[in-house]
Amino acid sequence: MVSVNPFAEFRQECQNILAEALKTALPEAEVETVPMGKPSNPSFGQLASSVSFELAKHLKRKPADLAAQLAKAVDQTRFTLIAKVEAAGGYVNFHVNFDRFSTLTLESIGQLGGEYGFTKTDQPAKVIVEHTSVNPLHPIHIGQARNPMLGDALARILSRRGNQVSRHYYIDDVGRQSSVVAYGYVKLGKPVPDEKADHFVGKIYTITACLVEINRLKRQLEQAKAVQATEDTEKLSRELNEWTTIASELEEKHPQLFKALSEKISQDANPEEEINRLNRAYENGEPQAKQLIREVSDICLEGFRQTQKRVEISYDSWDWESDFVWSSQVSDVLGQLQDSGYVYSEGGVLEFDAKKVVDTQNLRGKLGLRAEQEVPPLTLVRADGTTLYTTRDVAYTLWKFDRAERVVNVIGMEQSLAQLQLKIALYALGYEKQAENFVHFAYNLVTLPGYKMSSRRGHYITFDEVLDEAVKRAFEEVSNRSPQLTEEEKREIADFVGIGAVRYALIDVDTGKPVVFTWDRVLNFETNSAPYVQYTHARACSILRKAARKPQNPAYELLKENLERELVLALASFPDVFVECAEYLKPNMVADYANALADKFNTFYNALPVIKADSTQLADARLALTDAIRVVLSNALNLIGVTAPEKM
RNA sequence: GGGCCCGUCGCCGAGCACGGAUUAAGGCGUCGGCCUCCGGAGCCGAAGACCCUGGGUUCAAAUCCCAGCGGGCCCGCCA
């Protein structure tokens with residue numbers, strides 16, 4: 001017999017049996033669904049129901065009496081996975097029949113193998129997961145790296161759930177900052193990168209932005225002084241000071257580049273003007289500007305691709321924001337929004353009245369907003385006629401919905417308001433179904449303990465650095481532990497261990513909480529880390545290798561130890577964990593599950609011999625258990641994109 | 001000023017969406033053990049938490065509601 005979800009099978013049986021018992025013993029009771037939960041203590045069984053507490057109220061009887069009556073009324077002849085039903089402390093406790101349950105679970109895992117646990121949804125959909133979408137201006141830094149880790153895990157999970165998933169990278173090349181790099185790049189005479197492309201672009205961006213900012217502040221300061229605006233003068237001086245400090249930092253770090261850029265840029269009286277001109281030209285789709293900015297963006301993206309390849313993340317589509325501007329899509333959406341009646345003009349600026357949409361369409365309930373919560377308006381178009389980021393994002397979102405039924409945006413929680421306004425815009429345009437299938441998957445930031453990360457200021461640790469360091473430390477670790485391996489083997493292991501550790505660390509924490517970056521945390525190789533789970537997987541593989549036989553028809557009922565039964569239960573509940581994490585979009589659940597299973601297995605491993613068990617039959621049963629653990633650990637790691645190695 | 005998120009042992013953190021049984025999981029760190037045994041990136045044990053505070057709902061609250069305090073983020077003709 002094979003079950004895709006053994007524990008659910010048991011739960012269903014308990015529910016049916018209890019519902020029957022309710023009908024026969026307490027026909028006067030009205031219960032819609034019978035509550036069923038995991039008891040705190042295994043001696044109370046594997047599932048327990050607290051119906052009696054509910055009923056006690058209505059029937060005015062003691063919970064303990066009701067529970068006893070229900071336990072008695074249970075029809076034992078219909079037990080298959082249940083061993084016994086008992087009343088205790090007012091609860092009705094269900095004990096699983098381990099002989100049968102172990103057999104069902106382990107045989108199912110043996111049969112389903114790499115598919116075990118991945119229960120398919122009955123409503124498969126086309127889903128677009130947009131993630132990463134780092135601006136092509138500088139290398140991906142550790143603060144941003146949480147995004148692709150989560151996004152990729154989500155995509156893997158949703159796809160395993162039976163959805164048709166497409167991964168999209170939104171290239172945000174429209175906006176002043178792209179013109180800033182391009183400007184610096186031209187000033188330098190369009191140099192060929194002499195290092196990893198995105199790092200190269202990042203330096204040009206930071207230095208150029210800094211120099212331009214200083215230039216701007218100086219001019220503003222002079223103006224302020226001229227009209228004797230003391231307050232402005234003070235504020236501007238402070239800002240100028242800050243940027244001057246940054247400039248000297250940059251000059252020290254990259255003296256040649258800094259010198260070259262600073263000489264070239266100082267030749268322009270007003271670099272800001274140049275940049276704005278380029279920006280407008282790009283939005284208008286002028287060929288020269290198009291050619292230039294795409295060229296710089298492509299250089300940077302090439303660097304991103306290298307990093308992504310390294311962490312085994314891929315995208316099905318790279319979507320250029322500029323394409324939406326150049327085609328009529330943005331202006332079309334703008335037109336539709338204006339027709340909707342929720343847009344007003346204020347001094348030549350177009351504003352979207354999100355609050356009005358919420359109020360007239362009665363959306364507070366659907367959006368989870370409080371009664372009097374303010375929803376600020378969104379500026380759609382500047383006075384000079386150019387559009388803003390969120391405006392363009394509306395067009396992009398509709399484009400996505402032409403290709404999918406569901407859209408998941410993996411975007412930091414600092415953009416919650418913009419994402420909310422975007423959703424409201426969908427309602428305003430009459431795309432109600434789309435709005436409901438639009439999900440902002442928000443996550444909190446990764447922060448550095450010392451200072452604030454800022455890509456504009458060049459204050460960041462790059463993702464590449466973190467990966468390099470992780471692999472380096474993993475290499476030292478492997479060399480210490482397994483000196484007999486060849487250099488080649490060590491390098492390979494160091495790679496998946498180091499990268500796995502980083503991936504796991506960025507996924508493991510609840511997305512609502514910020515991650516404070518420390519090397520110790522991200523490069524953890526001990527319990528509760530990818531390497532720990534990987535090691536456990538390799539250990540299981542090693543046992544199976546050593547046994548060198550595939551047990552035929554193992555007698556699962558021989559698995560009578562508590563440690564073994566706990567393992568069976570843990571294995572049996574993997575499908576539940578998977579479904580839950582897919583439905584509630586909680587990738588960290590998978591990491592936690594894998595770690596907990598590894599824990600249990602290691603305890604078992606230390607306490608009970610597998611190959612050298614007392615009898616061959618018992619050894620066979622334990623080998624089958626070990627094999628099932630191998631399969632499930634591998635399936636779980638697969639969901640979060642971590643390699644499950646046979647050796648390490 | 002308004003909104004969103006968060007507050008659990010010295011530190012980090014599960015559990016909270018769906019309230020349940022006087023043992024609130026783990027990990028790090030501290031202290032003490034374990035290789036005649038299948039991989040010690042491991043295992044076992046000890047110490048450490050009135051789950052931010054105060055109310056409320058309930059037979060039952062870490063979990064739900066209200067108020068407060070503390071931290072992060074957002075409220076731009078930036079993205």
Side-chain angles (χ1 to χ4, degrees), chain A residues 33 35 37 39-41 44 48-50 53-54 56-57 62-63 88-91 93 135 172 174-178 321 346-351 368-370 372-376 378-384 386-390 392-393 412-418 420 442 444-445 447 456 474 477-478 480-482 497 508-516 518 520-521 524-529 531-536 538-547 580 583-584 586 588-589 592 595-596 598-599 602-613 619 622-623 626 647-648:
Chain A
T33 48
S40 53
N41 189 319
F44 295 139
S49 180
S50 55
F53 293 94
E54 281 275 340
K57 230 181 334 191
K62 285 184 180 163
Y91 293 84
N93 294 335
N135 296 186
D172 179 15
V174 181
R176 227 181 63 95
Q177 71 288 345
S178 292
E321 188 179 11
E346 208 174 63
V349 174
L350 288 188
E351 300 278 353
L369 304 177
R370 294 191 189 207
E372 283 313 309
Q373 186 172 329
E374 285 298 317
V375 185
L378 170 71
T379 306
L380 296 170
V381 181
R382 295 186 186 96
D384 69 357
T386 54
T387 54
L388 283 103
Y389 177 82
T390 309
R392 302 186 292 262
D393 208 0
M413 58 163 254
E414 71 279 5
Q415 292 203 44
S416 295
L417 178 59
L420 176 68
N444 216 319
L445 303 169
T447 57
R456 262 183 79 210
E477 204 78 15
V478 191
N480 283 338
R481 294 172 202 274
S482 316
V497 167
D508 181 44
V509 177
D510 184 292
T511 49
K513 294 181 180 176
V515 171
V516 179
T518 60
D520 277 354
R521 170 181 206 142
N524 177 22
F525 293 162
E526 294 174 7
T527 309
N528 198 11
S529 72
Y532 173 69
V533 181
Q534 289 173 315
Y535 179 81
T536 309
R539 171 181 265 174
C541 290
S542 164
I543 294 172
L544 296 165
R545 237 186 344 262
K546 208 146 267 180
E580 205 174 321
E583 293 310 303
Y584 295 106
K586 297 189 91 172
N588 64 313
M589 280 185 66
D592 283 343
N595 184 252
D599 259 344
N602 284 321
T603 303
F604 159 79
Y605 168 87
N606 273 278
L608 302 165
V610 176
I611 298 173
K612 294 172 186 171
R622 285 181 180 162
L623 278 170
T626 304
K647 289 181 189 174
M648 65 184 268

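Note on naming: letters A, B, ... go to the chains in the order of the sequence lines (proteins, then strands), and numbering restarts at 1 for each one.
- The side chain of R481(A) places no N or O atom within less than 4.0 Å of a non-bridging phosphate oxygen (OP1 or OP2) of G42(B).
- Using a 4.5 Å heavy-atom threshold, the side chains of D592(A) and D508(A) count as touching.
- Across all strands shown, the partner of G1(B) is C75(B), judged by Watson-Crick or G-U wobble contacts whose two distances both fall under 3.5 Å.
- When the P atom is compared between G71(B) and C65(B), the two are found 23 Å apart, to the nearest whole Å.
- Take the nearest nucleotide of RNA chain B for L369(A) and for T603(A): the residue whose nucleotide is more 5' is L369(A).
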Review item, nucleotides 47-52 of chain B N/O atoms under 3.5 Å of protein N/O:
none

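- The backbone N or O of A538(A) sits nowhere less than 3.5 Å from a side-chain atom of S542(A) that would complete a donor-acceptor pair.
- The closest side-chain heavy-atom distance from R521(A) to V509(A) is below 4.5 Å.
- C43(B) sits 8 Å from G27(B) when the P atoms are compared, rounded to a whole Å.
- Contact annotation: R539(A) side-chain N/O to G40(B) OP1/OP2 distance is under 4.0 Å.
- Of the possible polar contacts, none joining the R382(A) side chain to the L388(A) backbone as a donor-acceptor pair under 3.5 Å is found.
- The heavy-atom pair separating A56(A) from K62(A) by the smallest distance is CB-C, 4.5 Å.
- Closest to the side chain of V497(A), out of A41(B), G26(B), C37(B), is A41(B).
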Could you go over nucleotides 60-65 of chain B and give all protein N or O partners under 3.5 Å, atom names and distances?
none

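- Checking G42(B) for Watson-Crick or G-U wobble geometry (two distances, each under 3.5 Å) identifies C34(B) as its partner.
- In this structure, the nucleotide among G13(B), A79(B), A41(B) sitting nearest to the side chain of V509(A) is G13(B).
- Base contact: P39(A) has a heavy atom under 4.0 Å from a base atom.
- Of the N and O atoms on the side chains of D384(A) and T386(A), at least one donor lies less than 3.5 Å from an acceptor on the other residue.
- By the stacking rule of 5.5 Å between ring centres and under 30° between planes, Y605(A) does not stack on the base of G42(B).
- Using Watson-Crick or G-U wobble geometry with both donor-acceptor distances under 3.5 Å, C28(B) finds its partner in G10(B).
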Mind listing the N/O atom pairs, protein and nucleotides 68-76 of chain B, below 3.5 Å?
from: C73(B); atom 1: OP1; to: K452(A); atom 2: NZ; distance (Å): 2.7

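- I611(A) and A619(A) get closest at one heavy-atom pair: O-CB, 3.8 Å.
- Atom CG of L420(A) sits about 10.5 Å away from atom CG of L378(A), to the nearest 0.5 Å.
- Put simply, the side chain of V497(A) does not reach to within 4.5 Å of the side chain of Y535(A), judged on heavy atoms.
- Residue-level contact check: R521(A) touches the backbone only, with heavy atoms under 4.0 Å from sugar-phosphate atoms and none from bases.
- In this structure C18(B) sits in no base pair that meets the Watson-Crick or G-U test at under 3.5 Å.
- Remark: A62(B) base-pairs with no nucleotide; criterion is Watson-Crick or G-U wobble with both hydrogen-bond distances under 3.5 Å.
- Atom-to-atom, CZ of F525(A) to P of G42(B) comes out at 12 Å; the value is rounded to the nearest Å.
- With sequence neighbours excluded, the residues satisfying side-chain hydrogen bond (donor to acceptor under 3.5 Å, both in side chains) with T536(A) are N602(A).
- Shown here for P35(A) and S49(A), the closest heavy-atom pair between the two residues is O-OG, 2.6 Å.
- In this entry the distance linking CD of E477(A) with C1' of G39(B) reads 15 Å, nearest Å.
- The separation of G3(B) from C51(B), taken at their P atoms, amounts to 28 Å, rounded to a whole angstrom.
- Remark: the separation of the P atoms in G42(B) and C28(B) is 8 Å, to the nearest Å.
- No side-chain heavy atom of M648(A) sits under 4.5 Å from any side-chain heavy atom of S482(A).
- The interatomic distance linking K612(A) (NZ) with U36(B) (P) rounds to 12 Å, in whole Å.
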Report all interatomic pairs (protein N or O, nucleotide N or O of nucleotides 30-35 of chain B) with separations under 3.5 Å.
none

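- Comparing T390(A) and T527(A), the nucleotide of RNA chain B nearest to each residue sits closer to the 5' end for T527(A).
- Counting any heavy atom pair closer than 4.0 Å across all strands shown, A383(A) reaches a base atom.
- An OP1 or OP2 oxygen of C77(B) is reached within less than 4.0 angstrom by no side-chain nitrogen or oxygen of R176(A).
- If you take OH of Y535(A) and P of C38(B), they are 11 Å apart, rounded to a whole angstrom.
- Side-chain to base pairing of N595(A) with A25(B): no donor and acceptor N or O lie closer than 3.5 Å to each other.
- The closest side-chain heavy-atom distance from Q177(A) to D172(A) is below 4.5 Å.
- The closest side-chain heavy-atom distance from F604(A) to V610(A) is below 4.5 Å.
- Side chains of L544(A) and L623(A) form a contact here, defined as non-hydrogen atoms less than 4.5 Å apart.
- Considering only the side chain of D592(A), A14(B) comes nearest among A14(B), G40(B), A79(B).
- When heavy atoms are screened at a 4.0 angstrom cut-off, N135(A) is found touching the sugar-phosphate backbone but no base atom.
- Taking CD of E351(A) as the start and CD of E346(A) as the end, the distance is 6.0 Å to the nearest 0.5 Å.
- Looking at heavy-atom distances under 4.0 Å, A48(A) makes contact with a base.
- No engagement by L544(A) is indicated, since no non-hydrogen atom pair under 4.0 Å with the nucleic acid exists.
- Atom P of G15(B) sits at a distance of 14 Å from the matching atom of U8(B), rounded to the whole Å.
- Nucleotides C50(B) and G45(B) place their P atoms 24 Å apart, quoted to the nearest Å.
- Separation of the P atoms belonging to C66(B) and U57(B) is 15 Å when rounded to the nearest angstrom.
- A heavy-atom distance below 4.5 Å is not found between the side chains of N444(A) and V515(A).
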Extract from the structure each pairing of a protein N or O with an N or O of nucleotides 16-19 of chain B at less than 3.5 Å, listing the distance.
from: A17(B); atom 1: N6; to: E580(A); atom 2: OE2; distance (Å): 2.4
from: C18(B); atom 1: N4; to: Y584(A); atom 2: OH; distance (Å): 3.1

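- The CG atom of N602(A) sits 10 Å away from the C1' atom of G39(B) (whole-angstrom rounding).
- Look at the P atom in both U23(B) and G19(B): the space between them is 23 Å, to the nearest Å.
- Residue-level contact check: A88(A) touches the bases, meaning some heavy atom is under 4.0 Å from a base atom.
- Residue K647(A) places no side-chain N or O under 4.0 Å from the OP1 or OP2 atom of G39(B).
- C51(B) is unpaired under the Watson-Crick or G-U wobble criterion, no partner having all donor-acceptor distances under 3.5 Å.
- Atom OH in Y532(A) sits roughly 8 Å away from atom P in G27(B) (whole-Å rounding).
- Atoms CG and OG1, on N524(A) and T518(A) in that order, are 9.5 Å from each other to the nearest 0.5 Å.
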